[in-house]
Protein chains: 2
Amino acid sequence: MPEKTDARDRLLVAAQALYAERGVAATTPRDVLARSAVGQGSLYHHFPTKRDLARAAVGRTVQEQLGTAKAELLGDATARERIGAYLLRDRDAVAGCRVGRLTSDPLVMSEDDLHRLVEGYFTDLITLVCDVLQEAGLSPDRARERATTIVAVVQGGYVLARATGDPDVMRSAVRGLFALLEEEKE
Amino acid sequence: MPEKTDARDRLLVAAQALYAERGVAATTPRDVLARSAVGQGSLYHHFPTKRDLARAAVGRTVQEQLGTAKAELLGDATARERIGAYLLRDRDAVAGCRVGRLTSDPLVMSEDDLHRLVEGYFTDLITLVCDVLQEAGLSPDRARERATTIVAVVQGGYVLARATGDPDVMRSAVRGLFALLEEEKE
DNA sequence: GTCTATAGAAAGATAGAC
DNA sequence: GTCTATCTTTCTATAGAC
């Protein structure tokens, strides 16, 4: 596929950005057209319905975010370092989590295929963290519980950073947990 | 104010319930009318714009949620027990946090007065938890960091429970944190 | 304070030419 | 594959009677 798939790609990139800003339900086809500078005919040619566009764009975002997490969690550093890398990553916290925010999106939650993309993201992410913790010697049960706590503190950090408009709140949230994890190891 | 303020109250209750289900932006005046069984004329008499209704209903929800948290965090139990009561409270996790979900609501985030209600909720909540932790002997800085972590894990628990449709994910998230807090005290 | 009717704008999508 | 024009429905709000 040469340069001609360009419009489709521009539409997806625009949709992803808009979903990150206002969510899927609140993003209109017109918004996507304006941001992508693509014509209306092209939009409905590539994506017959709003839902088709959402499925493609959200699927892409999920893959991208999962890729970032994998880079941190599957490296060859120690288990402890990899958890630290994930937890303490520099995030645009006030912007919110591109995937996590979709759990409050009425369109995503009402369409099964969209909901499943979000569910898959978090089950995969928790499993990734869980595997690292088992490597570090935790039992499967404790590893799963702790992995859930780790992913939750990041998601909650996003919520609090957005609510307060303050990126430091995310830093406090993840550092507070990291400190507890480190203490335990001493 | 006798029984005549009834319509206004029914509108608020209906709006609060709908906001919890789909958010503010996605809730139409018609939705509120249908659920409250109040007439259209009454709605616009009591709340001239959608935003007026949102301000009143969100303000009420914030007060209610804060009241619940205060009941747990300001009791006469030990600091440790009060933190446990807040953290391990039985929540309808799959339904999500009525306030936290608003951080992804485009209408709430774009209207300053609505945003401020959400911000106030979380700053108050973190401060409440922070005070309990200081009572327990933590320095102001460590108390604030840890309070942020505690509130974040709860908010993240909601996000993960909604994403997966599984209430046990919330339980894992908060128990994982509680276990770390208890370990430290031994 | 509540009712019915309706306005004006934006939403999501389709039609048919090129 | 892309364009312009248009259709239908829904949204938020207003008008004016009771």
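Every chain is numbered from 1 and lettered A, B, ... according to where its sequence line falls, protein lines coming before strand lines.
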Tell me the interatomic distance from A:Y44, atom OH, to C:dG12, atom P, rounded to whole angstroms. 7 Å
How far does CG of A:L43 sit from OG of A:S36, to the nearest 0.5 angstrom? 7.5 Å
Across all chains, not counting sequence neighbours, the side chain to side chain donor-acceptor pair (under 3.5 Å) partners of A:Q40 are none
Cation over ring face, B:R55 and B:Y19, 6.0 Å, 45°: no
State the CG-CG distance between B:L53 and B:L12, to the nearest 0.5 angstrom. 6.5 Å
On the nucleotide D:dT2, are OP1 or OP2 found under 4.0 Å from the side-chain N or O atoms that A:H45 carries? no
Interatomic distance where CG belongs to A:L43 and C1' belongs to C:dT14 [whole Å]: 13 Å
Examine the side chains of B:T127 and B:R144 and answer whether a donor and an acceptor come within less than 3.5 Å of each other. yes
Would you kindly give the CG-to-P distance between B:D9 and C:dT2, to the nearest whole Å? 12 Å
Strictly by salt bridge (charged side-chain N to carboxylate O under 4.0 Å, His left out), give each pair with a member in residues 150-163 of chain A just once, sequence neighbours left out. none
Can you run down the salt bridge (charged side-chain N to carboxylate O under 4.0 Å, His left out) pairs that involve residues 60-69 of chain A, sequence neighbours left out, and say none if there aren't any? A:D9-A:R60
Donor-acceptor pairs under 3.5 Å, side chain of residues 117-124 of chain B to any protein atom, not counting sequence neighbours: which ones?
residue : atom : partner : partner atom : Å
B:T123  : OG1  : B:E119  : O            : 3.2
B:T123  : OG1  : B:G120  : O            : 3.2

Check side chain to side chain donor-acceptor pair (under 3.5 Å) between B:D31 and all other residues, then give those that pass, not counting sequence neighbours. B:R22, B:T28
Can you tell me how far CG of A:D166 sits from CZ of A:R171, rounded to the nearest 0.5 angstrom? 8.0 Å
Take atom CZ of B:R10 and atom C1' of C:dT2, then tell me their distance rounded to the nearest Å. 12 Å
What salt bridge (charged side-chain N to carboxylate O under 4.0 Å, His left out) pairs are there with at least one residue in residues 94-111 of chain B, not counting sequence neighbours? B:R51-B:E111
Quick one: side chain to side chain donor-acceptor pair (under 3.5 Å) partners of B:Q134, sequence neighbours excluded? none
Can you give me the bend angle of the helix from C:dG1-D:dC18 to C:dC18-D:dG1? Use the axis through the first five pairs and the one through the last five, nearest 10 degrees. 0°
Residues touching DNA chain D, which here means a heavy atom under 4.0 Å, drawn from residues 102-115 of chain A: none
Just the rounded figure in Å: distance from C1' of D:dA13 to NE2 of B:H46. 17 Å
With sequence neighbours left out, what residues match A:T49 under side chain to side chain donor-acceptor pair (under 3.5 Å)? A:D52
Residues from residues 18-42 of chain A sitting under 4.0 Å of DNA chain C, heavy atoms only? A:T28, A:P29, A:R30, A:Q40
Residue-level proximity of residues 47-58 of chain B to DNA chain C when a heavy atom falls under 4.0 Å: none
